[in-house]
Number of protein chains: 2
Amino acid sequence: MTVTARERLLDAAVEAFAEKGFTATTTRDIASRAGMSPAAVYVHHDSKESLLFTVSRAGHLAALEVIEEAAASEAEPTARLQAMVREFSAWHATNSRVGRIVQYEFAALTDEHRAEIAEVRRAIEARMQDALRDGVAAGVMDVGDLPGTARALLSLSIDLLRWFSPTGAQSPQDIAALHADLAVRMTRVH
Amino acid sequence: MTVTARERLLDAAVEAFAEKGFTATTTRDIASRAGMSPAAVYVHHDSKESLLFTVSRAGHLAALEVIEEAAASEAEPTARLQAMVREFSAWHATNSRVGRIVQYEFAALTDEHRAEIAEVRRAIEARMQDALRDGVAAGVMDVGDLPGTARALLSLSIDLLRWFSPTGAQSPQDIAALHADLAVRMTRVH
DNA sequence: GTCTATACTAAGATAGAC
DNA sequence: GTCTATCTTAGTATAGAC
């Protein structure tokens, strides 16, 4: 379990990007958080943007994995949707630093990197739409605008990044449970 | 209706901050969008941050006004909540550039300016909580976590800034109607 | 693979002429 | 109130010694 210099730099980048944003973060800041000189950054990473891309890609893939595992964990459509929203919100609250980079620094990527990551985002949206479609087909959900509702469910999880604090009163589990409950309310047959 | 240099600079700042973010925007960029030299900025505004503060304050106050007018427009609690969510989402979609600055550049303000604007944010949350409390008291709404549900309703409107495009298929009114519908579903007695 | 030193560029803001 | 010119600081990234 040796922590390589490369990994220490990635951890430092996560800390700095989440705290100050990509543009406001300097490579000197990242280097000093990792206990290195500014020059050491470039031995392990090509550029500041490549650090961002590495963090953003890993974060997006982790978020997709969370939602796919949740989808696979339940067979009944309502329980499945609950699990997906609960775990997606819990992941964002628990990993709020990486989450902020994933959700708010997308525009700072190069065109090529942005295109690559956009595919992961489309997959996440598609999984949520699938879950709603299954529920409607089974007759346990009533959804007017299916893509719009899928997007709204993702919004609940993602927007918590704007206000969530790990030191606040609400735990990731509290928020996740609320969002799962709201997801059921938004989609159930009346 | 003469447009002053000060106003032209504010418009240019809105354009630039919304497009590239506060930190990535240069005062030279703002000046050239307003058709002026870099030095002209400082005749009309103290600093780059004071431009941000002016835009952010006006935007926050406009958003608060929208939600208060919607609250006053309907007496019946469910219709009132619908109106509030509908107008709040429509405002964000219609004013997405200012909206992005309002919601995403809060951290770039100075401590004093941030504290002043935080009060407006608290007022917006309070109005949404009031609306839910009225509905519960009237027996037409069932809300488990009242502050959490208020926050979730605001999240729907605010998170549209992350993905909304004025040139996309959905109009501000489409999105607003969807969100108003979801608000009713989230809060109605089952 | 790490450092010190630095090249090169560009930022926020100001001086002073008109 | 606008300009050109510039001060000062600081950024990304590289060179070259160890």
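Order of the sequence lines fixes the chain letters, A, B, ..., with proteins taken first and strands second; residue numbering starts at 1 for each chain.
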Q.
For a quick check of understanding: with a heavy-atom distance under 4.0 Å over all strands, which category does Thr4(A) fall into, base, sugar-phosphate or nothing?
A. nothing
**Q.** Charged N-O contact under 4.0 Å between Asp134(A) and Arg80(A)
**A.** yes
(Q) Between C1' on dG12(C) and CZ on Phe22(B), what's the gap in Å once rounded to a whole number? (A) 10 Å
Q: Looking at every strand, decide which applies to Ser37(B) at a 4.0 Å heavy-atom threshold: base, sugar-phosphate, or nothing.
A: base
Q | Heavy-atom protein contacts under 4.0 Å, nucleotides 13-18 of chain C, coded B base, S sugar-phosphate only, - none | A | BBB---
Q: Flag the pair Lys20(B) and Glu15(B) as a salt bridge only when some basic side-chain nitrogen lies within less than 4.0 angstrom of an acidic carboxylate oxygen.
A: no
(Q) Using whole Å, what does the distance between atom P of nucleotide dG12(C) and atom CZ of Phe17(B) come to? (A) 9 Å
Q | Note: Arg151(B)-Asp159(A) ion pair, threshold 4.0 Å (strictly below) | A | no
(Q) If the condition is ring-ring contact (aromatic ring centres under 6.0 Å, His included), which residues does Tyr104(A) pass it with, not counting sequence neighbours? (A) Tyr104(B)
Q) What class does the angle between the rings of His60(B) and Phe106(B) fall in, given that below 30° is parallel, 30 to 60° is tilted and above 60° is perpendicular? A) tilted
Q: Output yes when Arg114(A) and Glu105(A) qualify as a salt bridge under the 4.0 Å nitrogen-oxygen rule, no when they do not.
A: no
**Q.** Residue-phosphate contact under 4.0 Å: His45(A) side-chain N/O, dA13(D) OP1/OP2
**A.** no
